[in-house]
2 protein chains.
Amino acid sequence: MSVKERKERERAERERLIVVTARELAEQQGWDAVTTRRLAERIEYSQPVLYSHFRGKREIIGAVALEGATEMAAAVRAATSGVDGPRERVAALARAYLDFAEHNPAVYDALFQLDGGLAYAREDTPEPLKDAFAALLECLGEAAGDGVHPGLFTEVFWAALHGLATLTRAGRLLPEDAGPRVELLVDRLAIV
Amino acid sequence: MSVKERKERERAERERLIVVTARELAEQQGWDAVTTRRLAERIEYSQPVLYSHFRGKREIIGAVALEGATEMAAAVRAATSGVDGPRERVAALARAYLDFAEHNPAVYDALFQLDGGLAYAREDTPEPLKDAFAALLECLGEAAGDGVHPGLFTEVFWAALHGLATLTRAGRLLPEDAGPRVELLVDRLAIV
DNA sequence: CTCGATTGTCTAGCGGTGCTAGAATCGAGT
DNA sequence: ACTCGATTCTAGCACCGCTAGACAATCGAG
């Protein structure tokens, strides 16, 4: 049996290698540069090997997205856990979210811009995605204000952060005023 | 001279045809389906003709974006002009913006998601883009509140709308609660 | 009215893409 | 040592954005 186990282990390792390499390449040169040929060359296998792990490029993006969701959830929780006062917690969350988007643009795109073939906002949504939203909800729920559904408030706050993140990165907003924008957003949206 | 003029006119007409056809095709089947071959076939010319009008696909996207910016500015102004009360004006603007994004997804992508080779938020930004932002500013400026720069407020409000529009269309937010989300956003962000 | 130059458009093709059929190779179990 | 199934590769498909060079149509000068 141990032969079979070894093979399975090696196979899992190679799958990790694919995802890690795809992410690396995407962060270095953008998702457009992540072609099946380049990716295959980097992992030192031929193209068809990729298709024995994933249905296609889309699923590879999806795998990077799931990895990113877990990290983002952790980053948000880490940034908010030790902060005193709900207002400052919300501000810390906002900064952590935008930091994540800025420093992991490819992962952020995989999560929220590209089609990774994942189900969102549904019953069968993968656990990491649900948990990422839960991480936002944990902190933002307490700033929703009376009579406002925490989930709804979280969605709106999240959308605002997403808008700031994407418009800034796409050159539609200048990065200079990023700080004041976040302050304004937190001051107005969060009820503390 | 009239021969030359006729030629110039015909050339301009063909350029319009390219832009209109590209937009049509993008709205029908998405930007991925707008290939130079398909576009050329639809306008009943060969591929290279496209390159005598535009440097490449990117510039065609840019042309659609400029057209969209003008329309969006008009839509926003039309939706807000006859509305009484600043709060309701802002709400009308928000609804008009999201309506535009929903009903012209390809144009919206050309404007704010794709690379059309246009300069944003700069001195040499094309006039239609400046004017679209100006249309938002005209209405949102009066809801910025004391001591808050109208431009900054407009950017934040715009980013929030952009987040709602894109996350909804990408399936990350369910469209059911779109109404309450907008209400919440307006109530919290706008000071009236 | 003819003829060279200019302009405009086309055909054909380059190197790239995601993806796959079928050949070739490897290795585990007899 | 050999067989046979699993694994991996080579080679290829149809498509992409884009362009060089051939060809046809038009214009202006003689």
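Lettering of chains follows the sequences in order, A, B, ..., and the numbering in each one begins at 1.
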Next item on the list: Taking the six-membered ring for Trp and the single ring otherwise, decide whether the centroids of B/Phe112 and B/Trp158 are under 6.0 Å apart.
Entry: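 Between B/Phe112 and B/Trp158, the centre distance is under 6.0 Å.
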Checklist line | B/Phe157 and B/Tyr97 aromatic centres sub-6.0 Å | finding: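 Aromatic pair excluded; centres sit 6.0 Å or further apart.
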At under 4.0 Å, does any side-chain N or O of [X] touch on OP1 or OP2 of [N]?
{"X": "A/Thr36", "N": "C/dG18", "value": "yes"}
{"X": "A/Ser46", "N": "D/dT8", "value": "no"}
{"X": "B/Arg37", "N": "D/dC16", "value": "yes"}
{"X": "B/Arg38", "N": "D/dC16", "value": "yes"}

Could you check how far [atom1] of [X] sits from [atom2] of [N], rounded to whole Å?
{"X": "A/Glu41", "N": "D/dT10", "atom1": "CD", "atom2": "P", "answer": "12 Å"}
{"X": "A/Tyr45", "N": "D/dC9", "atom1": "OH", "atom2": "P", "answer": "7 Å"}
{"X": "A/Arg58", "N": "C/dC19", "atom1": "CZ", "atom2": "P", "answer": "9 Å"}
{"X": "B/Leu50", "N": "C/dT11", "atom1": "CG", "atom2": "P", "answer": "14 Å"}
{"X": "A/Tyr51", "N": "D/dG12", "atom1": "OH", "atom2": "C1'", "answer": "14 Å"}
{"X": "A/Lys57", "N": "C/dT20", "atom1": "NZ", "atom2": "C1'", "answer": "18 Å"}
{"X": "B/Gln47", "N": "D/dT19", "atom1": "CD", "atom2": "C1'", "answer": "10 Å"}
{"X": "B/Glu44", "N": "C/dC10", "atom1": "CD", "atom2": "P", "answer": "11 Å"}

Check: Residues from residues 9-30 of chain A sitting under 4.0 Å of DNA chain C, heavy atoms only?
Finding: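 Output list: empty, so none.
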Margin query: Other residues, nucleotides and ligands only: do more than 12 of their heavy atoms fall within 6.0 Å of CZ on B/Arg55?
Written below: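 12 or below, so no.
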Check: Is there a path from B/Leu164 to B/Val186 through hydrophobic residues (I, L, V, M, F, W, Y) whose side chains come within less than 4.5 Å of each other?
Finding: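 Same hydrophobic cluster.
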Sequence neighbours left out, cut at 3.5 Å: what donor-acceptor pairs do the side chains of residues 126-133 of chain B make with other protein atoms?
residue: B/Lys130; atom: NZ; partner: B/Glu123; partner atom: O; Å: 3.0
residue: B/Asp131; atom: OD1; partner: B/Arg77; partner atom: NH2; Å: 3.0
residue: B/Asp131; atom: OD2; partner: B/Arg77; partner atom: NH1; Å: 3.1

Next item on the list: Please determine, for D/dG30, whether a Watson-Crick or G-U wobble partner exists with both distances under 3.5 Å, and give it or none.
Entry: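 Base partner found: C/dC1.
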Item checked: Residue list, ring pair (Phe, Tyr, Trp, His ring centres under 6.0 Å) with B/Phe100, at least two apart or on another chain ->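 Result, ring pair (Phe, Tyr, Trp, His ring centres under 6.0 Å) vs B/Phe100: none returned.
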Notebook entry, point to check: To the nearest 0.5 Å, what is the distance between CG (A/Leu111) and CG (A/Leu66)?
Noted result: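 Result: 8.0 Å between the selected atoms.
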